[in-house]
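Here is the structure we will look at, set down as structure tokens.
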Amino acid sequence: MSAPSTIERATDLPSLAVRNLNKAFGGVQAVRDVSFDLAEGELLALIGPNGAGKSTCFNMLNGQIPADSGSVRLAGEELLGYAPAEIWRRGVGRTFQITATFPSMTVAENVAMVLMSQQRELFSFFRSATHRHRDRAMELLDLVGMTGQADRPCGVLSYGDLKRVELAVALGNTPRVLLMDEPTAGMAPRERLELMGLAARLVGDLGISVLFTEHDMDIVFGHADRIIVLSRGALIAEGNAEQIRNDPLVLKTYLGEGQIYGQAED
């Protein structure tokens, strides 16, 4: 079964350009003046301690929370001010920390739902989801290794398989950028490695760019091309795994002195 074509490169702009992003809740500055780029075909990790502002930042990128100020551009096009559904249609997919599928519907039907939404066919989705967009749904399930379970109800799947279904759903609008919020949360160690390995392959095969948050530092250092670190709402460091492991401020505020992740002990 053929995979969807890679994303066309229309410009040399970064896939996602975030500039001077700010958000306050009352007197608390949750995100302060955050700027970064997500390059074409890059797997970028956003990490930081609890309360660092990661979720708030993530939620502003796809319109779930309005920013107080700043700019978020998708290949040069401003996204701030659009609703989440419109940002999704413009090419920003997202997975969530907690999976959300229709348990009584089959795997293929769940994927077909997003394809129907893309075509604005929601007026009849419960009646027609079984047969509509079946071929395309199977292509997406093939990408995540789930064609063998296409006709099983989502309610009987393991959590790891549900995460794969969610990933197939997120790819349904052929996104240029994919946001993955805590993609391995609640998964067994082997499932975590498999899912992030799959995400890394999709970056290469489909040409999409991925921004993900994650608490498992072995996952971050083992898979991310680059890492950005937030603390108290501000960006405090960015670089590759080696640079972040040895950054004094990151060690002090997040990783902890003497904790070296992703390296064998002497």
Side-chain angles (χ1 to χ4, degrees), residues 4-26 28-48 52-97 114-115 117-120 122 167 169-183 199 202-203 206-213 224-239:
S5 60
T6 57
I7 302 298
E8 294 183 2
R9 311 298 194 200
T11 72
D12 292 328
L13 295 170
S15 292
L16 199 68
V18 178
R19 296 290 181 270
N20 307 115
L21 201 60
N22 287 278
K23 183 64 182 180
F25 298 99
V28 178
Q29 191 72 30
V31 173
R32 66 178 77 238
D33 207 29
V34 167
S35 298
F36 64 89
D37 287 339
L38 174 62
E40 296 274 7
E42 183 178 34
L43 190 61
L44 176 64
L46 171 61
I47 67 172
K54 301 187 300 297
S55 294
T56 300
C57 185
F58 235 63
N59 288 332
M60 285 190 286
L61 298 182
N62 80 320
Q64 290 192 307
I65 295 177
D68 292 338
S69 61
S71 173
V72 178
R73 292 183 176 272
L74 177 70
E77 180 184 16
E78 183 61 57
L79 295 181
L80 290 188
Y82 286 111
E86 185 58 34
I87 291 175
W88 174 78
R89 288 193 176 93
R90 289 170 183 267
V92 179
R94 177 164 181 180
T95 67
F96 292 85
Q97 183 174 349
V114 74
L115 301 175
S117 177
Q118 186 182 28
Q119 299 298 320
R120 302 179 188 271
L122 286 182
L167 182 55
V169 167
L171 295 172
N173 65 326
T174 315
R176 186 182 186 112
V177 168
L178 178 60
L179 307 176
M180 301 180 74
D181 189 8
E182 296 285 350
L202 291 175
V203 169
L206 302 184
I208 62 176
S209 305
V210 175
L211 173 67
F212 71 101
T213 64
D225 297 315
R226 191 163 55 93
I227 304 162
I228 55 178
V229 187
L230 286 182
S231 179
R232 297 183 179 180
L235 185 67
I236 64 169
E238 61 178 301

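Residue numbers run from 1 in the order of the sequence given.
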Would you find a donor on one side and an acceptor on the other, under 3.5 Å apart, between the side chain of [X] and the backbone of [Y]?
| X | Y | value |
| --- | --- | --- |
| Lys54 | Gly48 | yes |
| Asp225 | Leu43 | yes |
| Ser209 | Gly41 | yes |
| Asn59 | Ile65 | no |
| Thr213 | Asp181 | no |

Looking only at non-hydrogen atoms, find the nearest pair between [X] and [Y] and report the distance.
| X | Y | answer |
| --- | --- | --- |
| Glu42 | Arg226 | OE2-NE, 2.7 Å |
| Ser35 | Leu235 | O-CD2, 3.3 Å |
| Ile236 | Ser231 | CD1-CB, 3.8 Å |
| Gly93 | Pro175 | N-CB, 3.6 Å |
| Gln29 | Ala24 | OE1-CB, 3.5 Å |
| Leu79 | Ile87 | O-CD1, 3.8 Å |

Report task. Given side chain to side chain contact (heavy atoms under 4.5 Å, CB included), test Leu21 with Val72 step by step and report yes or no. Result -> CA-CA 8 Å; Leu21 201 60; Val72 178; 4.0 Å; yes

Is there a side-chain contact between [X] and [Y] in this structure, where contact means two heavy atoms from C-beta onward sitting under 4.5 Å apart?
| X | Y | answer |
| --- | --- | --- |
| Asn22 | Val31 | no |
| Met180 | Val210 | yes |
| Leu61 | Val92 | no |
| Leu202 | Leu167 | yes |
| Phe36 | Leu44 | yes |

Report summary line: With sequence neighbours left out, the residues meeting side-chain hydrogen bond (donor to acceptor under 3.5 Å, both in side chains) with Asn62 are Arg94

Report task. Using the test salt bridge (charged side-chain N to carboxylate O under 4.0 Å, His left out), find all partners of Arg19 that sit at least two apart in sequence or belong to another chain. Result -> Asp37

**Report entry** Phe25 six-ring face occupied by Lys23 cation (under 6.0 Å, within 45°)
**Finding:** yes

Query - Sequence-distant partners of Ala45, side-chain contact (heavy atoms from CB on, under 4.5 Å), two or more places apart - result: Ile47, Phe212, Val220, Ala224, Ile227

Nearest-0.5 Å distance that lies between atom [atom1] in [X] and atom [atom2] in [Y]:
| X | Y | atom1 | atom2 | result |
| --- | --- | --- | --- | --- |
| Arg89 | Tyr82 | CZ | OH | 13.0 Å |
| Leu178 | Leu16 | CG | CG | 11.5 Å |
| Ser69 | Asn20 | OG | CG | 7.5 Å |
| Leu179 | Leu211 | CG | CG | 6.0 Å |

Query raised in the report: Quick one: do the Ser15 and Glu40 side chains pair a donor with an acceptor below 3.5 Å?
Result: yes

